[in-house]
2 protein chains.
Amino acid sequence: MSTTAMKDEDPRPALSRQRVVQAAIQHADSAGLDGLTMRKVAEMLQAAPMSLYRHVSNRDDLIDAMIDVLFGEIALPLGSAHWKTAMRDRALSLRDLLARHRWAIGLMESRRRPGPANLRHHDAVIGKLRSAGFDVEMVAHAYSVLDGYIYGFALTRMSIPFDTTDEMAAMAQDMFEPWPANDYPNLAEFVTDHVMKPGYDYREEFEYGLDLILNGLEEALAG
Amino acid sequence: MSTTAMKDEDPRPALSRQRVVQAAIQHADSAGLDGLTMRKVAEMLQAAPMSLYRHVSNRDDLIDAMIDVLFGEIALPLGSAHWKTAMRDRALSLRDLLARHRWAIGLMESRRRPGPANLRHHDAVIGKLRSAGFDVEMVAHAYSVLDGYIYGFALTRMSIPFDTTDEMAAMAQDMFEPWPANDYPNLAEFVTDHVMKPGYDYREEFEYGLDLILNGLEEALAG
DNA sequence: ACCTGAACACCGTTCAAGT
DNA sequence: ACCTGAACACCGTTCAAGT
């Protein structure tokens with residue numbers, strides 16, 4: 001086997017900014033933001049830690065790039081749909097993105113160097129609202145309450161990694177165990193009657209609040 | 001100067017769990033969660049890093065304790081006030097807490113070992129809603145949309161550390177600088193006409209969304 | 001009894017050296 | 001031109017030793 005014959009099967013294709021960023025996203029998805037280390041990403045790519053620095057200037061720059069890739073994945077509110085439909089679809093798309101990439105929740109709206117996909121996304125949302133009759137002040141209200149809710153719901157209500165009611169019950173048990181049984185009667189009732197009931201689905205819960213907010217905005221726009 | 005005479009002025013009072021936790025909160029307030037290291041907290045207390053481990057079992061245990069102190073600072077919805085007033089006051093109190101302790105935003109609702117102040121707080125909120133006529137399902141809806149909004153607003157809209165319009169303008173300038181001037185016309189208009197206008201106040205913006213949500217819940221409760 | 005120094009297995013990143 | 005090993009200044013935490 002000559003060295004030229006092996007070229008096609010090289011297990012180490014050349015590094016590129018895109019490959020580094022993709023590997024980093026994949027690793028953050030499974031290991032979280034704390035687990036995202038330059039050394040681990042390099043290991044995934046079978047490269048030395050220092051090799052990454054040819055393609056990203058440092059860990060922050062890598063994170064900036066990762067976030068802009070995610071912004072590119074959110075459904076844009078384009079086309080002729082009603083603003084409510086467009087905002088609803090965009091909210092569900094963003095919620096799903098944040099569920100797939102939990103590490104990104106606190107990073108999406110705090111970039112000091114927003115990338116082109118980030119700017120393009122926000123430009124499209126604002127454009128959709130403006131052309132639907134929202135004035136600048138109402139755009140600010142709508143954006144603030146919608147994104148507040150979407151990111152906050154992702155942060156506070158989607159953290160439970162359990163699929164079954166049994167696992168849910170076990171977790172609730174662990175949380176209460178250290179404390180006297182009847183100190184928190186309202187909380188106990190709530191957990192028993194609601195959270196641990198089969199069929200609890202965060203998607204339905206998310207849409208309840210989303211529609212409440214969209215209806216409130218519609219009333220404000222008309223009034 | 002005898003050694004006994006110096007006792008009263010000992011610059012290193014005995015360590016305690018409470019002192020460790022208080023120092024850690026103070027340090028996180030100024031240095032953020034990344035800056036919160038066992039070694040820095042020890043330094044603040046003029047102790048060796050390892051001395052902290054007599055009072056907290058590890059960094060996670062320290063954070064659990066810090067969060068429960070914060071829960072103890074939120075105004076509880078007790079007394080005979082209307083549920084809407086009580087929830088509004090509680091939301092403003094929580095928002096102010098999260099503004100003072102930004103490092104805590106992602107930690108408050110993800111504790112696997114909630115402390116007594118945490119449980120007590122949630123018990124009081126649920127109790128207030130239940131006694132106002134919310135059934136268990138409506139409590140879930142209300143809690144989900146309110147806390148989603150409160151934490152999400154804190155996460156996405158309160159991150160700007162600037163007090164003056166000039167600083168705001170400079171930041172916006174930096175963010176757009178790398179990109180072609182007219183690629184994002186809707187965003188440009190929004191930033192010019194709204195964000196950079198004097199008198200922009202996140203407190204007013206927060207209350208707009210909060211009242212929209214509270215009114216929506218009131219309608220759902222009546223309907 | 002209470003505290004802590006030395007050590008270990010990690011980090012991000014600089015700098016100088018390899019191919 | 002492109003890549004990387006050694007080194008530095010940090011981490012949290014274990015373990016054995018100090019007072």
Side-chain angles (χ1 to χ4, degrees), chain A residues 2-4 6-7 10-67 103 106-107 110-113, chain B residues 2-4 6-7 10-67 103 106-107 110-113:
Chain A
S2 71
T3 45
T4 36
M6 288 185 70
K7 259 187 188 169
D10 189 340
R12 283 181 44 185
L15 287 181
S16 68
R17 186 174 169 90
Q18 202 197 354
R19 287 194 67 231
V20 170
V21 172
Q22 286 295 351
I25 290 173
Q26 195 183 321
H27 189 65
D29 287 347
S30 64
L33 197 61
D34 285 344
L36 179 74
T37 68
M38 301 301 280
R39 288 162 133 103
K40 288 282 184 195
V41 174
E43 197 181 313
M44 287 177 76
L45 297 166
Q46 296 177 263
M50 279 317 298
S51 302
L52 306 184
Y53 286 83
R54 186 149 298 271
H55 304 98
V56 296
S57 46
N58 51 43
R59 188 171 180 270
D60 265 5
D61 180 46
L62 173 58
I63 288 174
D64 279 346
M66 293 162 74
I67 294 298
W103 53 270
L107 303 175
S110 61
R111 299 302 83 200
R112 294 190 176 283
R113 284 175 170 67
Chain B
S2 73
T3 46
T4 36
M6 289 185 70
K7 260 188 190 168
D10 189 341
R12 283 180 43 183
L15 287 183
S16 69
R17 186 175 170 90
Q18 202 198 352
R19 286 194 67 231
V20 171
V21 173
Q22 286 294 351
I25 290 173
Q26 195 184 321
H27 189 65
D29 287 348
S30 65
L33 197 59
D34 284 345
L36 179 74
T37 67
M38 301 301 281
R39 287 163 133 103
K40 288 283 184 195
V41 174
E43 196 180 312
M44 286 177 77
L45 297 165
Q46 296 177 264
M50 280 315 300
S51 303
L52 306 184
Y53 286 82
R54 186 148 299 273
H55 303 98
V56 295
S57 44
N58 50 44
R59 188 171 180 270
D60 265 6
D61 180 46
L62 172 58
I63 288 174
D64 279 346
M66 292 162 75
I67 294 298
W103 53 271
L107 303 175
S110 60
R111 299 300 84 201
R112 295 189 176 282
R113 284 176 171 67

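What you are looking at is a predicted structure, and each value in this text was computed from that prediction instead of being measured. Proteins come first, then strands; the chains are lettered A, B, ... in the order of their sequence lines, and each starts at number 1.
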Hey, does [Y] have a side-chain heavy atom less than 4.5 Å from the side chain of [X]?
X        : Y       : answer
B/Leu36  : B/Ile63 : yes
B/Leu107 : B/Leu33 : yes
B/Pro49  : B/Met38 : no

Note to self: Per the side chain to side chain donor-acceptor pair (under 3.5 Å) rule, what does the pair list look like for residues 21-38 of chain A, sequence neighbours excluded?
What the structure shows: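 Pairs touching residues 21-38 of chain A that pass the test: A/Asp29-A/His101, A/Asp29-A/Trp103.
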
Notebook entry, point to check: Taking only residues at least two apart or on different chains, which pairs with a member in residues 49-59 of chain A satisfy side chain to side chain donor-acceptor pair (under 3.5 Å)?
Noted result: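 Every pair satisfying side chain to side chain donor-acceptor pair (under 3.5 Å) with a residue in residues 49-59 of chain A: A/Ser57-A/Asp61.
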
How far apart are the closest heavy atoms of [X] and [Y], and which atoms are they?
X       : Y       : answer
A/Leu52 : A/Ala42 : CD1-N, 3.8 Å
B/Ala28 : B/Met66 : CB-CE, 3.9 Å
A/Val41 : A/Ala23 : CG1-CB, 4.3 Å

[X] [atom1] to [N] [atom2], straight-line distance once rounded to whole Å:
X       : N      : atom1 : atom2 : value
A/Leu62 : C/dT13 : CG    : C1'   : 14 Å
A/Gln46 : D/dC3  : CD    : P     : 14 Å
B/Asp34 : D/dC11 : CG    : C1'   : 11 Å
A/Glu43 : C/dC10 : CD    : P     : 10 Å
A/Leu45 : D/dC3  : CG    : P     : 12 Å
B/Leu15 : C/dA1  : CG    : C1'   : 14 Å
B/Leu52 : D/dC11 : CG    : P     : 13 Å
B/Asn58 : C/dC10 : CG    : P     : 18 Å

Notebook entry, point to check: Where are the stems of DNA chain D, defined as at least 3 consecutive Watson-Crick or wobble G-U pairs with both distances under 3.5 Å?
Noted result: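 The stems are C:4-8 with D:12-16, C:12-16 with D:4-8.
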
Checklist line | Candidates C/dC3, C/dG5, C/dT13 - which lies nearest the side chain of B/His55 | finding: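 Of C/dC3, C/dG5, C/dT13, C/dC3 is nearest to the side chain of B/His55.
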
Next item on the list: Consider the side chain of A/Ser51, meaning its heavy atoms from C-beta on, and name the nucleotide among D/dT4, C/dT13, D/dT13 that approaches it most closely.
Entry: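 Side chain of A/Ser51 sits closest to D/dT4.
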
Item checked: Contact list for DNA chain D against residues 35-42 of chain B - heavy-atom distance below 4.0 Å ->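 Residues of residues 35-42 of chain B under 4.0 Å from DNA chain D: B/Leu36, B/Thr37, B/Met38, B/Arg39, B/Lys40.
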
Note to self: For a quick check of understanding: with a heavy-atom distance under 4.0 Å over all strands, which category does B/Arg54 fall into, base, sugar-phosphate or nothing?
What the structure shows: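 The residue B/Arg54 makes base contact.
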
Next item on the list: Spell out protein contact along nucleotides 14-19 of chain C as letters: B when the base is contacted, S when just the sugar-phosphate is, - when no protein heavy atom is under 4.0 Å; keep the 5' to 3' order.
Entry: BB----

Margin query: Going by the rule salt bridge (Lys or Arg N to Asp or Glu O under 4.0 Å), which residues pair with B/Asp60 if we only count those two or more places apart in sequence or in a different chain?
Written below: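 Salt bridge (Lys or Arg N to Asp or Glu O under 4.0 Å) list for B/Asp60, sorted by chain: empty.
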
Item checked: Under the salt bridge (Lys or Arg N to Asp or Glu O under 4.0 Å) test, residues paired with A/Arg111 that sit two or more places apart ->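 By the salt bridge (Lys or Arg N to Asp or Glu O under 4.0 Å) rule, A/Arg111 matches A/Asp64.
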
Margin query: Run the side chain to side chain contact (heavy atoms under 4.5 Å, CB included) test against B/Ser16 and tell me which residues pass, sequence neighbours left out.
Written below: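 Per chain and number, B/Ser16 pairs via side chain to side chain contact (heavy atoms under 4.5 Å, CB included) with B/Gln18, B/Arg19.
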
